[in-house]
Each structure stands twice: as structure tokens, then as C-alpha cells.
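Keep in mind that the numbers below use all heavy atoms, side chains included, and drop hydrogens, waters and symmetry copies. Chain letters run A, B, ... following the sequence lines, proteins first, then strands; residues in each count from 1.
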There are 2 protein chains.
Amino acid sequence: MTVSDPVTGPAQVVLTASVARRYYLDGRSKIEIAEEFGMSRFKVARLLDTARTSGLVRIEIRHEGEIDVDLSAQLRDRFGLQHSIVVASPDEDAQALREHVGRAAAQLLAEIITPGDVLGLAWARSVSAMARVLPRLPGTPVVQLTGALTLPDGPDTSVDAVRDVATASGGVAHYFYAPLTVADAATARALRQQPEVARAFGQLPLVTKAVAGVGLWEAGQSTLYDAASVHDRAALRDLGVCADISGVLVAADGTPVPTELAERMIALSAEEMRAIPEVIVIPYGIRKAAAVRAALRSGLVAGIVTHTSLARAVLDEA
Amino acid sequence: MTVSDPVTGPAQVVLTASVARRYYLDGRSKIEIAEEFGMSRFKVARLLDTARTSGLVRIEIRHEGEIDVDLSAQLRDRFGLQHSIVVASPDEDAQALREHVGRAAAQLLAEIITPGDVLGLAWARSVSAMARVLPRLPGTPVVQLTGALTLPDGPDTSVDAVRDVATASGGVAHYFYAPLTVADAATARALRQQPEVARAFGQLPLVTKAVAGVGLWEAGQSTLYDAASVHDRAALRDLGVCADISGVLVAADGTPVPTELAERMIALSAEEMRAIPEVIVIPYGIRKAAAVRAALRSGLVAGIVTHTSLARAVLDEA
DNA sequence: TGAGTGGCTGCTCATGTGAGCGCACTCTGC
DNA sequence: GCAGAGTGCGCTCACATGAGCAGCCACTCA
């Protein structure tokens, strides 16, 4: 669709424009137009062709809202995703991004969730942001997928998110109070035996859609990293950990990395995440491009909601 | 085509935009798109409908050149013209307008003239401006339609225009040296008997396309008016003369006005002009709107080449 | 709980549409 | 002046397309 073959003369220009107007704007059929202008319908077709190739008719696909449809489609096609939403956020600070992305994720979830679905929520600040603005869902059961990390800057925990969504949906809420990481594997095993925890994890095979965050295994880019010990940080980096998908650790090429830390976590495993039909991640922050690529390559993820700068970074280097 | 029915959710937006892109920009068929996205072709059609009605797909018809295709078409439809070219002139002074309009008229003539045509040229400054920039025509015979008025501000006469075009076309030139108006009817009759004049006027029935100017019967808006006596000016105004089409005088409603002045002119009559299949007028200057309307209503004129401000004025009050 | 209701999806047939082919006309070189 | 190449134009057939209608599903109210 290059702009070439300039229409020859002025009469031709006016005629072509008139025909194009009748066809594209007035919605007349080519035959009607042919009769109106006293020419064959083939000539009409040719005029319309030249109108487009010469650039006289310009077709523009642009969404006026905050969704960047172009980047969304690129991301979806590049990584073979089912859903891909890229929002244009006016601000680039973490909180603004989180809220924008969270709101878009809430809209997406409200759109795609059906009465038969069981929703899983992993722990992430963006997931909490989404939960806060999620509209009423049609009686969807909600399952907590991970423990929570206590953050200095906010009261939200995964438990709150699960409860919020469950009450908003009117569905059953399977939640528990437990941290995401504990000191040793024995404590973790003991916690998993807890009735609420065991019951929630027993619901895992029923979960059809889940929402998770993505962290980059670097300082300030992953709450899990920041909460980990200095030893764990280095050990996992040495193992090739690039990203954590709400607790599931994967390498840069997307393959899950078995870690000793996993035994000290109250979270679903990579296999359990893979069993969920549709996992949607909500990453934000421009520095997380490598982690997002890893997450999307892992095959664990079916959808993404993010913002333009991160989406562009993910595509640029992919 | 109102902007309504906003596409429901973000996933819907992205899907609709992707389908629209494939269809409108990539030129894929609906069936191909249906297979690609795993849906029925009917759903594709519906998505495309919503894409257009919601304003997600915007089709714009705009010519990047100096031709205002929209005004051209409006003018053509309003007055039932065969050709209508409206050029956007950056300047509004008479000379710039005349040259712009003349150039467009030259292009139009070059486009629509065929080897079988015989071209008639009436006297007008815009016709001379056109003649100066007319490209080579395919051996077209050229016939002078009127005598010339000597103007203080330019060397061009209708004779020059006829000769210029004829030499450029390689065709026969039927021209003569005579003024447009003379003192009395007897002189005019005598002049018409002159061999060159008679020969040129004898070619009139063969003329297939002609170019003429339009004047408003007011001071400074018609070279004929300006050259007329004070008595003639008032007499013709009293007769209801509104416009002169290179010597053919018409009322505001377009009907030709028989005048005594006509007998003192070396010019074709209204009937002779009507016999020419395609007369194209080249008016310019924003104050001539009423005259242009009169000319277009007369039925003597099949085409127009003018500029945006005048075209708009003609349409506004029509 | 069950029939009514509205919305969504996909099928059918008449119509619109596009690629290929042949005709006629024009241009060019001999 | 004439033959060959190029080009614009319209016809034909197979296919794509659109309007209308039937089925399905979830929701609603009795």
C-alpha cells in the first residue's frame, strides 16, 4: 500500500474522489455507483483501486481510548497469546502504571470471565490494584494461589485481593493467611498442611483463569527478590533465574528453574501453573522487559496486560 | 456513520482492530480472516461493521494536491456539470488566482481533449493564462470565438491565445484580428464579413469544446463592463444583465438577455454557445459568485474551473 | 422449576465482486 | 501505409458477500 500512481488529471482526481466517497462513506454498491456515473462496474472497481493505491483514500485504524491496539496485536502475534492489552499510560511512575494496568486488567477479566470459570489470584501488587477496581463478577469462585508478602508501603495482601474479588462476585472464596516465603522447607510443608491452605490448593485443578504479576530478578524489580536473603538472591541468579511469575521462577528462555527456594514458598508450582488454561500476567515498569519476555516464552502465560513503554521494550529486543 | 456503540471490552477492542487491520490495510478477504482468527466469516463481517460504526476504522478521502475534491463534487452535483475543478489557491489576489485557475484549466483541457475535438477559445484573461501553460495537444484545431479587448496591464489578446494553443497543438488555427466591441452595428457587420473573421465563425459548428471567462456586470468585475460606455453599463443593468460569459450576456437566473450591445460585438451568440457540446468557464475572484451562479444556471456551461473561495461563495448562496 | 425472552451465533440464497480472457483502439517502428 | 506491441475496456464464471432466519444459550419471572 504505497502512495504511488498519482491519478493523471484533475478531472480524474475529482471523479475518483467522488466514486470513493460514494463507496466508502455513503456505502453504495459498485453497481449503483456505476449506474450513477454512467460507467461499468469494473471501471468503478479500478477507480477505487487507484484511489487507494494513490493515497486519495486513507483508511486509518485508531482507537481513541487508552488502548494501543497496534502494540497489543504485535505482542499477541509475537508470543502467540490469547489476550494482549497494552494501555497508554500518561505517567511513568510505578504507582500510576500499576493503577492503569490494573484497571485495564479488571476490564479484561470482566469481559472474558464466564459463569463456569474459577478464578485464581496470585500475589502481586498489580493484582491487588486490579482487584480493587474489579466490577461485579457472575458468582465466580476465587482461589488464592500464593501466600503474601508484607510490604512497607501498602496494606494490601493477597488475602485481601481474594476476599475483595470473592465478595464482589458473590462466589466462594478460598483464601488463607500465610506468607509467601518461610525460613525452611519444613515450615512450608507444615503450612501447606493447614486446612485452609490445603483446601485452597486442592481447588487448583479447577482454576480456569488466573492473574499473576511478573518480577525481574533484580533489586527493586521483584518483591520476591527484595524479600529474599542475600544468599538466595545470588544463588538463584547463578541458577539463571530471570523472572518470577508470582513465585514461579523461570530462566531467560522461559524454562522453569527448579530451586531450593521453591520448597520454602507457599505458592503454586510451575506445573500447577501450566495446568491452568489461561494465566494472565500484569507486568509494569519499563525495566522488566527481559522478565516479561521470559514469562511469555515460558508457555505458562496466555495473556498479558501492560503499558506501552514496557510493551515496546519487550518487542524491540525480542 | 455516527460514532456510537463503543466496543465493549479491551479484548474486543484489540480483536476488532486486528480484524479491521487485516481487512482494510492488508486487503485479506473475510474468509481468510475468519480462518486466521478461528471464527465464522459472519462474525468477521459483524466485527467490521462495529469497527466502522464505532469509529475505530476511519476512512478519509482527501487529495493532497491543490484540488479541493469535495467542493468540486458539490459544485458539479449542484449545477449538473460534467467537469468541475476547484483549486485551493494560497493567495487571493487577482493575478495569483488567475494563474492558479489557468493552470488547472490547462491540465483539465489536456486531460479531456481527444484527437477528434475542435477547441474554441473566447476572450478572457483567465483563458490567456490557461493558454500560456497549456501542454502540447494532439493536433487539435483551434477556433477564435470572440474579438479581443486591449487591456492596459497585459500584452495578451485572444489572438495570441489562439495562436499559442494552435502552434502548441500542431493543429490549424482559425484566428483573426478584431476588437470585441465596436462603435456601431454596421461596423460590426462589416468586420464579420472579413474573410478571416467569417472563416473562423464558419468553424463554430465544428467546435466541440470551448473555454470562456465569466464577468459580473459591475465595475472591475468584467472587462466588457469596464470597456463599455456609461450608457451601455446602465442600459444593460436595467435589462437585468448579471453576468457575461466571454461576451454572452445572461440574467441572474441564467437566461440570455438580448441586447443592442450584442450587435456591436464580434463574438459568438448565446445560441452558438449553446450549440457547443462542452463549454468550460474559468471564473476567479470572490465577488463574482452571482455571475458564476447565473452562468452555471444558463445551461450554456458544462464545466467550471475555479478556486475555493469563489466556489464556496457560489454554493453558499445558491 | 419451567416456559418466555433477548442476545448471540451460524446457515441459506440472492446478489455483489474480482481475476482472467478477448476485443478494439492507439502508438510505434519499419 | 502497415504490422506488432501496448493499453484500455467490457464480458464470463467462480467465489465472496450480505440480509434474513433458525437454533442455541443464558437469564428472568411466575
K.L.:
Restricting to salt bridge (charged side-chain N to carboxylate O under 4.0 Å, His left out), what partner residues turn up for A:Glu36, sequence neighbours left out?
P.N.:
A:Arg22
K.L.:
In chain order, what residues pass the side-chain contact (heavy atoms from CB on, under 4.5 Å) check against A:Ser246, with sequence neighbours excluded?
P.N.:
A:Ala122, A:Ala124, A:Ala212
K.L.:
Would you mind reading off the distance between A:Ile31 atom CD1 and D:dG10 atom P, rounded to a whole angstrom?
P.N.:
14 Å
K.L.:
Would you grab the first and last nucleotide of DNA chain C (5' to 3') that comes under 4.0 Å of any non-hydrogen atom in chain B?
P.N.:
C:dT9 to C:dT12
K.L.:
Name all residues meeting the side-chain contact (heavy atoms from CB on, under 4.5 Å) criterion together with B:Asp68; count only those two or more places apart in sequence or in a different chain, and write none if there are none.
P.N.:
B:Asp70, B:Leu71, B:Val86, B:Thr308, B:Arg312
K.L.:
Who passes ring-ring contact (aromatic ring centres under 6.0 Å, His included) against B:Phe201, sequence neighbours left out?
P.N.:
B:Phe176
K.L.:
Using the test side-chain contact (heavy atoms from CB on, under 4.5 Å), find all partners of A:Glu60 that sit at least two apart in sequence or belong to another chain.
P.N.:
A:Arg58, A:Arg62, B:Arg58
K.L.:
Report the residues that fulfil salt bridge (charged side-chain N to carboxylate O under 4.0 Å, His left out) with B:Asp49, sequence neighbours left out, ordered by chain and then residue number.
P.N.:
B:Arg52
K.L.:
Are A:Glu196 and A:His174 linked by a side-chain donor-acceptor pair shorter than 3.5 Å?
P.N.:
no
K.L.:
Side-chain donor-acceptor pairs under 3.5 Å in residues 37-45 of chain A, sequence neighbours left out?
P.N.:
| residue | atom | partner | partner atom | Å |
| --- | --- | --- | --- | --- |
| A:Ser40 | OG | A:Phe42 | N | 3.3 |
| A:Ser40 | OG | A:Lys43 | N | 3.2 |

K.L.:
Could you check how far CG of B:Asp49 sits from P of D:dT17, rounded to whole Å?
P.N.:
13 Å
K.L.:
Just to be sure I understand the geometry, which residues of residues 35-43 of chain B put a non-hydrogen atom under 4.0 Å away from DNA chain D?
P.N.:
B:Arg41, B:Phe42
